[in-house]
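See below for the structure under consideration.
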Amino acid sequence: MISPLWATVSPIRRQAAKLISDYNQPLLPSSFGLGLSLPKSSFRASFECRCTNKEIQDKPAEGFSVLASDIPWDTGSIWSTMAIYMFNLHIPLGYGGLSIVTYILHQSILKPETEALSLLILQILELAGAPFLLGAAKPNCAFVSFNANKSAKERNWLLASALGFGSIISLVFLTSILSDNIVGTKAVNNPVVKEILMSSLTSRTACVLVYCFIAPVLEETVYRWFLLTSLASTMDWRHAVLISSAIFSASHFSGENFLPLFIIGCVLGCSYSWTGKLRTPVLIHSLYNAFALLMTFLS
């Protein structure tokens with residue numbers, strides 16, 4: 001990076017701050033959202049899907065994607081399951097949760113520390129509820145652990161994570177320049193996020209936990225582990241990445257940042273397709289959110 005990145009509010013800093021305020025919108029009383037996706041038969045990482053009624057076989061790695069063609073649930077339930085998640089968990093907790101907290105506490109404006117802790121609790125609830133909700137929609141499958149296709153064992157997920165993170169930073173920089181040239185420079189610092197990061201150690205810790213740990217796991221579980229895997233079993237993996245990335249971006253309800261979020265979703269989807277390991281997009285997502293938080297803190 002060049003010196004103007006740190007000396008002024010450069011395109012990359014503006015875009016990083018913009019994506020903190022819109023892409024991860026949890027710190028505003030009326031809106032916050034974060035999201036996730038699914039693997040297949042035999043897996044290896046942290047929530048294994050074990051099927052009781054049928055045996056799922058892994059297909060060998062062919063070309064770029066190692067995602068298996070068989071999934072342990074009915075492909076016809078993909079969109080109904082996503083609708084259940086969106087309308088029963090994501091929107092009520094992500095876009096109405098803090099408003100409910102303000103109503104319960106009889107406060108028109110939450111203190112930064114209260115807001116950060118409330119956000120943390122709401123995100124934990126959504127993270128805890130998502131696997132059960134997705135599992136309930138698939139009666140033949142019980143969640144035990146995340147995992148990757150065995151055929152992807154030889155693929156270096158750390159290298160893929162490093163390349164993915166570098167790609168996202170580069171693409172965000174380019175799209176921010178394009179956006180500035182088309183619609184002009186905007187003030188993008190979110191004073192609410194800034195206030196939370198600066199208010200106390202407790203609020204900073206809660207904010208880091210949400211953005212760098214809970215949000216990446218939640219969003220990658222829903223949008224890559226479940227949605228991308230499901231779509232890839234019914235169509236070409238590239239089309240599946242594009243569709244799941246569009247839904248990932250739209251779920252943040254930010255028209256201004258739809259394109260950057262879509263690009264980020266594509267990078268995350270490609271990294272998951274190549275390694276077959278959910279830890280890869282989770283790590284990329286965590287690093288990017290940490291970078292965006294740091295830019296907001298330093299701006």
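Owing to the predicted nature of the structure, the values given are computational and were not obtained by experimental measurement. Note that the numbering runs from 1 along the sequence shown for the chain.
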On a heavy-atom basis, which atom in [X] and which in [Y] lie closest, and how many Å separate them?
X	Y	answer
L261	S249	CB-OG, 3.3 Å
V267	G164	CG1-O, 3.5 Å
C207	L293	SG-CD2, 3.9 Å
I169	Y288	CD1-CD1, 3.9 Å
L67	S273	CD1-OG, 3.7 Å
L228	V241	CD1-N, 3.6 Å

**Q.** Stepwise side chain to side chain contact (heavy atoms under 4.5 Å, CB included) test for T234 and S230
**A.** CA-CA 7 Å; T234 65; S230 300; over 6 Å; no
Are the side chain of [X] and the backbone of [Y] linked by a donor-acceptor contact shorter than 3.5 Å?
X	Y	answer
R155	W274	yes
H106	T102	no
S245	G265	yes
T296	A292	yes
T114	L110	no
N257	P260	no

Using the test side-chain contact (heavy atoms from CB on, under 4.5 Å), find all partners of [X] that sit at least two apart in sequence or belong to another chain.
X	answer
S200	E113, T202, S203
M198	K194, F297
T205	L201, L209
A246	F258, F262

Q.
My understanding is that only residues two or more places apart in sequence, or in another chain, count here; which of them pass side chain to side chain donor-acceptor pair (under 3.5 Å) with N88?
A.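 N88 satisfies side chain to side chain donor-acceptor pair (under 3.5 Å) with no other residue.
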Spatial distance of atom [atom1] ([X]) from atom [atom2] ([Y]) [nearest 0.5 Å]:
X	Y	atom1	atom2	answer
L119	I196	CG	CD1	7.0 Å
C212	L294	SG	CG	10.0 Å
C270	L163	SG	CG	12.0 Å
T81	L133	OG1	CG	7.5 Å
T280	W157	OG1	CH2	6.5 Å
S167	I263	OG	CD1	11.5 Å

So do [Y] and [X] actually touch side chain to side chain, heavy atoms under 4.5 Å?
X	Y	value
L283	L158	yes
L227	Y85	no
Q123	F213	no

**Q.** ring pair (Phe, Tyr, Trp, His ring centres under 6.0 Å) partners for W237, two or more places apart
**A.**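 By the ring pair (Phe, Tyr, Trp, His ring centres under 6.0 Å) rule, W237 matches F64.
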Q. Is the F253 to Y95 ring centre distance short of 6.0 Å?
A.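 Yes.
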Q) Is Y103 reachable from L105 through a run of hydrophobic residues whose side-chain heavy atoms are each under 4.5 Å from the next? A)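 No, L105 does not connect to Y103 through the hydrophobic network.
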Q: Apply side chain to side chain contact (heavy atoms under 4.5 Å, CB included) to the pair N289 and H285, showing each step before the final yes or no.
A: CA-CA 6 Å; N289 281 5; H285 200 149; 3.5 Å; yes
Q) Between T275 and V66, does a side chain to side chain contact (heavy atoms under 4.5 Å, CB included) hold up when you go through it step by step? A) CA-CA 7 Å; T275 63; V66 297; 6.0 Å; no
Q: Evaluate the side chain to side chain contact (heavy atoms under 4.5 Å, CB included) criterion for residues F291 and I168: first the C-alpha distance (whole Å), next the side-chain angles of each, then the deciding distance (0.1 Å), finally the verdict.
A: CA-CA 11 Å; F291 176 79; I168 285 181; over 6 Å; no
